[in-house]
There are 2 protein chains.
Amino acid sequence: MTKRLASPRAASLATVAREAGVSVATVSRIVNGKTGRASVQTIARVNAAVVELGYQPNHVGRALRRRESRVVAMLAPNLDNPAMAAIAVSTEAALRAAGYVMILCDTHDRADLQDEYLRAMRSQFVQGYVLVSAVKSAALSDALARGEAIVFVSRRNPDGGGAYVGIDNRGAGADAADHLLARGIEDLAVIYPAQGSSSTAERVDGFIERLVARGVPTERIAQASAPGLSHLQVGYDAARALVDGAGGTWPRGLLCVSDLMAYGAYRLATEQGVAIPSECLVVGIDANPLNAWIAPWLTSVHIPYRDFGAKVVEQLSSLWSGTVPDDCLLPHSLDS
Amino acid sequence: MTKRLASPRAASLATVAREAGVSVATVSRIVNGKTGRASVQTIARVNAAVVELGYQPNHVGRALRRRESRVVAMLAPNLDNPAMAAIAVSTEAALRAAGYVMILCDTHDRADLQDEYLRAMRSQFVQGYVLVSAVKSAALSDALARGEAIVFVSRRNPDGGGAYVGIDNRGAGADAADHLLARGIEDLAVIYPAQGSSSTAERVDGFIERLVARGVPTERIAQASAPGLSHLQVGYDAARALVDGAGGTWPRGLLCVSDLMAYGAYRLATEQGVAIPSECLVVGIDANPLNAWIAPWLTSVHIPYRDFGAKVVEQLSSLWSGTVPDDCLLPHSLDS
DNA sequence: TTGATTTAGGCAAACGTTTGCCTAACTTGT
DNA sequence: ACAAGTTAGGCAAACGTTTGCCTAAATCAA
């Protein structure tokens with residue numbers, strides 16, 4: 001027979017304990033699977049009460065007592081970027097599968113917002129942080145010094161060290177170089193954002209190094225960059241700088257360090273009547289799923305963003321168990 | 001593999017109280033701005049201690065005591081869709097400005113996942129829910145019956161009623177109709193997903209109603225749909241169904257109820273050598289910012305997703321204060 | 001002066017969990 | 001039969017806040 005509850009309060013350990021005629025401590029132990037401490041009959045009685053009352057452990061009480069929540073905060077610079085969104089989605093799924101919930105914060109790539117979020121999250125007993133393309137900031141250094149569990153994604157710890165999930169950026173740049181050379185293109189250029197993060201810089205380096213190693217004279221590798229946060233605009237501006245710097249002519253092959261930058265460059269090409277890809281083969285990095293539908297002109301290095309989440313959770317688990325994990329580099333690929 | 005250092009505890013009310021030589025209660029009142037209860041000197045002393053120790057209120061303790069967190073859960077069907085990501089970003093920003101944090105859950109449009117999330121969130125003392133394109137489910141009905149604060153976005157409450165933020169979908173469809181008619185196009189079609197949500201169905205209805213009202217014979221308005229979750233694929237499949245149903249000829253004007261569907265249709269057109277927009281003017285709905293860069297052929301009804309967040313927070317506030325807010329319809333626009 | 005009111009702030013009980021410690025009642029070993 | 005060990009489970013103290021209630025002292029009214 002079921003009781004009609006006077007208040008809409010959810011069942012607590014106390015409710016269950018009363019119903020089962022045992023103490024709160026016993027119920028707590030049983031629902032937490034500490035088996036050795038109770039008789040079979042008691043366990044059965046408690047479990048019955050749990051089911052009947054629909055008891056669900058209260059995470060707030062638990063967090064207070066254990067001084068830990070099952071919450072992980074992700075700080076990402078801008079979810080407008082489909083690559084970031086993909087990372088967020090896959091991380092959220094992996095965390096949830098591991099029994100965590102994810103709080104998402106958009107830092108807009110601003111150090112002050114990153115600081116504010118880091119501080120705010122601390123008082124939520126957040127258990128770990130996933131920092132996508134983190135920037136250097138005071139609260140970040142503090143958090144690292146305190147030994148918080150922090151996984152860096154896509155961009156390495158600006159203070160050096162720390163757990164990292166990403167790809168071999170140099171390798172990705174090198175692959176792009178090989179791809180272009182394999183098509184007999186030797187009039188090459190690369191564009192990138194002026195506020196260089198470690199990852200974009202590494203892509204550029206890898207690209208140039210490989211070209212040089214394969215005998216392309218340095219002076220035939222044009223470079224240009226542009227400031228700004230929107231990779232779309234940066235791509236447009238950098239491409240303009242590149243072309244203007246070359247007396248109005250486009251290179252035959254162009255590496256853009258992200259797909260969004262490639263979209264920006266494409267717009268300029270369209271405006272200037274340059275045919276892509278026949279006059280200029282554009283290579284991006286990210287392999288946005290939209291490319292197949294509306295940007296078939298773009299060749300792009302595939303990054304397995306959908307696999308990032310699982311790796312991030314692995315690294316967090318390592319940190320929680322007290323070890324410092326090795327960097328995790330996922331495989332990229334450029335289908336030819 | 002090195003061991004991490006144990007972190008020193010953050011300052012609590014007790015720490016501050018000891019430092020300032022007052023009781024915990026007094027500190028609590030002061031940090032909460034209950035001014036009438038303390039002398040000016042005490043307030044000054046406490047504030048000094050707060051600053052010195054870098055005290056930040058612990059949200060977990062507060063949540064436990066007040067039986068409310070400052071957490072809102074957003075359940076969204078798929079963040080891969082840029083429109084969803086835009087809603088998530090703007091809601092997160094608006095909530096944070098109002099002092100809340102947002103937990104993000106990706107339901108993949110599945111009722112069972114939506115149920116699981118709703119139940120899991122309850123024991124986190126989540127204060128409100130933002131349900132983007134919610135589907136009918138048991139836990140949703142339960143939550144509504146319990147009187148939880150729930151705001152529906154983009155798709156109305158499947159059980160009817162409830163707070164809603166969205167656009168005038170019929171109006172958007174009608175605007176698309178006007179746009180096409182203004183260009184003298186009368187050979188028209190519309191494609192939409194087979195699993196019709198209220199919003200896409202309304203867009204189709206508004207489109208057709210307006211066309212009929214302006215004298216287009218019903219038999220000249222072709223329709224097609226396709227099943228599936230990915231609007232990209234749905235657009236492709238539906239366009240194929242449409243064209244096949246018309247003996248291989250494309251309409252002169254085509255409304256796709258989302259931009260992603262338009263991308264899908266575009267791919268088919270490209271494959272079939274149909275020139276967009278000269279042979280077929282495609283109109284989408286969403287106005288994805290990428291369009292200007294890589295899909296200039298697409299005309300799209302602009303939806304102010306960036307304004308959704310503020311409205312969502314308004315509606316949540318209404319719910320929290322006990323009133324039932326009116327539906328909030330934001331203005332859409334189609335720049336001609 | 002006295003009684004009434006205000007001011008300033010402390011006490012302690014929640015909120016829901018977890019866990020070290022304690023204690024009865026058994027079970028063994030000898 | 002008695003000491004030693006095991007089992008089953010209760011007690012109560014945290015964790016960090018908030019808040020109703022209480023109490024001194026100070027102020028005020030008459």
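A, B, ... follow the sequence lines: proteins, then strands. Residue 1 opens every chain.
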(request) For B:Arg156, enumerate each residue passing the side-chain contact (heavy atoms from CB on, under 4.5 Å) test, keeping only those at least two apart in sequence or located in another chain. (result) B:Tyr164, B:Ser198, B:Glu202, B:Asp327, B:Leu329
(message) What's the angle between the local helix axes at either end of the helix from C:dT1-D:dA30 to C:dT30-D:dA1, using five pairs per end and rounding to 10 degrees?
(response) 50°
(message) By nearest heavy atom, map A:Val60 and B:Arg45 onto DNA chain C; which one lands nearer the 5' end?
(response) B:Arg45
(request) Would you confirm whether A:Thr323, through its side chain, and A:Ser318, through its main-chain N or O, come within 3.5 Å as a donor-acceptor pair? (result) yes
(message) According to ring-ring contact (aromatic ring centres under 6.0 Å, His included), who are the partners of B:Tyr305, at least two apart in sequence or on a separate chain?
(response) B:Phe308
(request) Kindly write out the residues that satisfy ring-ring contact (aromatic ring centres under 6.0 Å, His included) with B:Tyr100, not counting sequence neighbours, or none if the list is empty. (result) B:Trp320
(message) If I take atom CD in residue B:Gln41 and atom C1' in nucleotide C:dG9, what distance separates them, rounded to the nearest angstrom?
(response) 13 Å
(message) Can you tell me if B:Ser39 touches the phosphate of C:dG9, counting only side-chain N or O atoms and a distance under 4.0 Å to OP1 or OP2?
(response) yes
(request) Quick one: which residue pairs count as a salt bridge (Lys or Arg N to Asp or Glu O under 4.0 Å) with a foot in residues 26-37 of chain B, not counting sequence neighbours? (result) none
(request) Quick one: which residue pairs count as a salt bridge (Lys or Arg N to Asp or Glu O under 4.0 Å) with a foot in residues 75-87 of chain A, not counting sequence neighbours? (result) A:Asp80-B:Arg306
(message) Tell me the interatomic distance from B:Ile43, atom CD1, to C:dT7, atom P, rounded to whole angstroms.
(response) 13 Å
(request) Let me have a per-nucleotide readout for nucleotides 17-22 of chain C, 5' to 3', with B, S or -, counting only protein heavy atoms under 4.0 Å. (result) BBBBB-
(message) Checking B:Ala93 now: which residues fulfil side-chain contact (heavy atoms from CB on, under 4.5 Å) with it, not counting sequence neighbours?
(response) none
(message) Please enumerate all residues that pass side-chain contact (heavy atoms from CB on, under 4.5 Å) together with A:Asp159, with sequence neighbours excluded.
(response) A:Lys136, A:Ser141, A:Leu144, A:Asn157
